[in-house]
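Here's the structure we're looking at; comments come further down.
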Number of protein chains: 2
Amino acid sequence: MRNDKAPTMADIARKTGVSPMTVSRAFKSGSLISKDTRDAILKAAEELGYVFDSTASNLRSQKTDFIAVTIPSINNANFADTVGGLSETLSARGFQILLGYTNYDVEEEERLIEQLLRRKPQAIVVTGGKHTPRARRLLENASVPVIETWDVPAEPIGHFVGFSNADAVRSMVDHFVAAGYRRIAFIGGDASRDTRGSDRRLGFIAALANHGLDASRLIDAGVPPISMREGANAMARLLAEFPDTEAVICVSDLSAFGALTECQRRGVPVPGRIAIGGFGDYEIGGICVPALTTIDAQARQIGERTGRLILDLLDDRPDVPHVTIEPRLIVRDSSR
Amino acid sequence: MRNDKAPTMADIARKTGVSPMTVSRAFKSGSLISKDTRDAILKAAEELGYVFDSTASNLRSQKTDFIAVTIPSINNANFADTVGGLSETLSARGFQILLGYTNYDVEEEERLIEQLLRRKPQAIVVTGGKHTPRARRLLENASVPVIETWDVPAEPIGHFVGFSNADAVRSMVDHFVAAGYRRIAFIGGDASRDTRGSDRRLGFIAALANHGLDASRLIDAGVPPISMREGANAMARLLAEFPDTEAVICVSDLSAFGALTECQRRGVPVPGRIAIGGFGDYEIGGICVPALTTIDAQARQIGERTGRLILDLLDDRPDVPHVTIEPRLIVRDSSR
DNA sequence: TTGAAAGCGCTAACAT
DNA sequence: ATGTTAGCGCTTTCAA
């Protein structure tokens, strides 16, 4: 039934009585070709079941339409939103996103970056501003734009679209302090892995110090990503170890929700007995009871701005190399 | 500083004093080459900042290491789990997943399939068993394995790894009926879009009919995917339109959780006044209070089995063409 | 508007 | 264990 070898442009050319070059032109929009010829070619292509071969096109033209992207985890609504914004902006222009997951590990990120660069993407987007020395070198040597996101890197490799995680948490600490809370704790992950998470923890410590408050109420919830369950377990430990705690800030809304459920199971009133803050403005924080005070990091906007930056760069339009996003504090019932 | 044109194998060959073919061999594992030669080549490559060009390799060898995958949405933990299982199984063998989002739309799926096939993937995995006629034709003509997932297609194109959404919901209806509930409602999305969601709705109707019960308590929660918020709104309408309802099955745990929060805001006891069931065994269903009765569709296992199926096919190992997954009913406090 | 020639960077196939 | 030759399917470049 079906031929073993797929038809090529040469086959279409033969069938239509034109040269392969004309067939090639028929598939490119905006190329000089008569309407009749193009129609005949497209018809022949459909009849033959022709599928354009990007592989060959990419090699000959020495460019692909790939944009490489690394994110810590596929299963995270924040990063999914960023990729969604990026994808929407870029796929309108025919770019295809090549996605890789680092699993919150810079070693894995290094492997991934190397693998992705072999595909000759037109740009590479990474999450975070901390990398292994070799990963950094690979990115520096890449002859395509590099965009770091979700962070304000100490030494940007190229461009970045992000925000200071520490500053964002500071704004939440300020809110809690202004609301009268003094004994404030932090629930976060193992410091060595998720750099954005550790930045939040450091921001928490600095902000408390700034207010002259004790910053030793730190609960380590495990290896990132911190799940709802781990948030719940951490809350149990917090209540045991620091029973007089008045408020707790969690590294994400997911762990914050887990912590909230632990209070519900124990009959601990939130915010009456303890107030809770999250991070990331996940959907759950807006709908759970009580709704969670959180930081909207504008995940989708990060993706959109990154996408637009890439288009500007590829179109040789003047660009702003560094885009700083302003996270917004959202105060909800869990802290008032 | 950096040369404008990237170094190729020919450059390494020149620098090392071997032929380009030997350089090629140095990068392939398990090829006949002396350790000294390989070491020298890899060293030269590192010095030159060489990056392997998959583009050229793919064209010459007429094979890529892409596996194309379409999922309805990037922002869904169930599909993320499937992709995670797939990714883990396949990336161990050096495959790279090419991911596309259909946004729950078969027209978009058609465009996506065409775009993905141009990349010459070694296999294509699609979510669902319903496609446009043209998408079906594209898949049938693709000279690579096609695997439909998350469904048991009426007419499979090639292979499938999935389960019957209707049967899964039936098992939940049976549980509710056995537990004594009679006036049971369904909250789901617009029937025309999410085919798995409509299958669940149809399964609900058939199962109630089977028990001789009224199956007219159907709340349309909007266009898929149904958010937590839409679940909450749907619960509000359910309580208004069918105030004597004793139990409700929601198209997913997310909408079920939204529905639960609406009850919490109104002081409606769950399950005392109304029982709730979800679908998908999302993390939230296991930790919220009360925890949600749900169906575990084994999302991750779907991905893993699909990955192993692909490896079997590509290695010419004998395979089982159709894999049926058994969803498991999980009974929790929301229905007892 | 169309065609002819050449070649992108790698590797299959064959040779030594 | 290494080398030589040719060519994958397109598109750049130049010509008509």
Side-chain angles (χ1 to χ4, degrees), chain A residues 3-42 44-45 48-66 94 115 117-122 143, chain B residues 3-42 44-45 48-66 94 115 117-122 143:
Chain A
N3 250 317
D4 238 337
K5 52 180 11 137
T8 69
M9 285 191 182
D11 296 318
I12 300 175
R14 219 167 294 122
K15 177 161 177 168
T16 328
V18 297
S19 75
M21 194 52 234
T22 302
V23 176
S24 173
R25 290 189 177 107
F27 285 102
K28 277 253 163 308
S29 63
S31 48
L32 309 314
I33 186 173
S34 78
K35 190 176 181 322
D36 287 356
T37 315
R38 165 173 277 148
D39 289 348
I41 288 170
L42 295 183
L48 289 172
Y50 172 75
V51 178
F52 183 91
D53 187 338
S54 329
T55 290
S57 170
N58 290 342
L59 175 60
R60 174 62 245 223
S61 59
Q62 289 295 88
K63 64 200 277 268
T64 65
D65 39 17
F66 286 131
Q115 206 201 324
L117 288 177
R118 294 171 163 221
R119 311 283 177 192
K120 309 296 172 187
Q122 298 307 103
S143 47
Chain B
N3 249 315
D4 237 337
K5 53 183 8 142
T8 68
M9 285 190 181
D11 296 319
I12 300 175
R14 218 167 296 123
K15 177 161 177 165
T16 326
V18 297
S19 74
M21 192 58 232
T22 301
V23 177
S24 173
R25 288 188 179 107
F27 285 101
K28 278 254 163 307
S29 64
S31 47
L32 309 315
I33 184 171
S34 78
K35 190 176 178 324
D36 287 357
T37 314
R38 164 172 279 145
D39 288 348
I41 288 170
L42 295 183
L48 289 172
Y50 172 75
V51 178
F52 183 90
D53 188 338
S54 324
T55 290
S57 170
N58 289 343
L59 176 60
R60 172 63 244 221
S61 60
Q62 289 294 86
K63 62 200 279 268
T64 65
D65 38 19
F66 286 131
Q115 207 202 322
L117 287 177
R118 294 173 164 218
R119 311 284 177 191
K120 308 295 171 190
Q122 298 307 102
S143 48

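In what follows, chains are A, B, ... by sequence order, proteins preceding strands, each numbered from 1. In what follows, every heavy atom counts, from backbone to side chain, and hydrogens, waters and symmetry copies are set aside.
Rounded to an integer number of Å, the gap from CD1 of B/I41 to C1' of D/dT2 is 10 Å. Atom NZ in B/K63 sits roughly 18 Å away from atom P in D/dC8 (whole-Å rounding). Rounded to a whole Å, the CZ atom of A/F27 is 12 Å from the C1' atom of D/dC10. The NZ-C1' distance, from B/K28 to C/dG9, rounds to 13 Å in whole Å. Atom P of nucleotide C/dG3 and atom CD1 of A/I33 are separated by 9 Å, given to the nearest angstrom. When the C1' atom of D/dG9 is taken as reference, atom CZ of A/F52 falls 9 Å away, rounded to whole Å. Atoms CE (B/M9) and P (C/dG7) sit 21 Å apart, rounded to a whole Å. Atom pair B/D11:CG and C/dC10:P shows a separation of 9 Å (rounding to whole Å applied).
If you check every strand for non-hydrogen atoms under 4.0 Å, B/T55 touches nothing. Contacts of A/S54 with the nucleic acid, taken as non-hydrogen atoms under 4.0 Å apart, are absent. Within the 4.0 angstrom heavy-atom criterion, base atoms lie near B/L32. A/T22 comes within 4.0 angstrom of the backbone, heavy atoms only, and of no base. Counting any heavy atom pair closer than 4.0 Å across all strands shown, A/V18 reaches sugar-phosphate atoms only and no base atom. Note on A/Y50: only backbone sugar-phosphate atoms sit closer than 4.0 angstrom, heavy atoms only; bases stay farther off.
The nucleotide whose nearest atom lies closest to any side-chain atom of B/S19 is, among C/dG9, D/dT4, C/dA12, D/dT4.
In this structure, B/Y50 and B/V23 have side chains that are not in contact, with every pair of non-hydrogen atoms separated by 4.5 Å or more. Counting heavy atoms from C-beta outward, B/K120 and B/N58 have side chains that stay 4.5 Å or more apart. Annotation: side chain of B/R14 is in contact with side chain of B/D11 (closest heavy-atom distance under 4.5 Å).
The base of D/dG9 has none of its N or O atoms less than 3.5 Å from a complementary donor or acceptor on the side chain of A/R60.
Between A/S24 and D/dT11, a side-chain N or O to OP1/OP2 separation shorter than 4.0 Å is present. Taking only side-chain nitrogens and oxygens, A/S61 never comes nearer than 4.0 Å to OP1 or OP2 of C/dC8. For D/dC10, neither phosphate oxygen OP1 nor OP2 lies less than 4.0 angstrom from any side-chain nitrogen or oxygen of A/S57.
Inspection of the A/S54 and A/S57 side chains reveals no N or O donor paired with an N or O acceptor under 3.5 Å.
Taking for each of B/A56 and B/M21 the nucleotide of DNA chain D with the nearest heavy atom, the 5'-most of the two is the partner of B/M21. Each of B/R25 and A/Q62 was assigned the nucleotide of DNA chain C with the nearest heavy atom; the assignment lying further toward the 5' end belongs to A/Q62. A residue-by-residue look at B/P20 and A/L59 shows that B/P20 has its nearest nucleotide of DNA chain D further toward the 5' end.
Atom CG of A/L48 is separated from atom OG1 of A/T16 by 8.0 Å, given to the nearest 0.5 angstrom.
By the neighbour-count criterion of 12 heavy atoms within 6.0 Å, atom NZ of B/K63 is sparsely surrounded, having that number or fewer from other residues, nucleotides or ligands.
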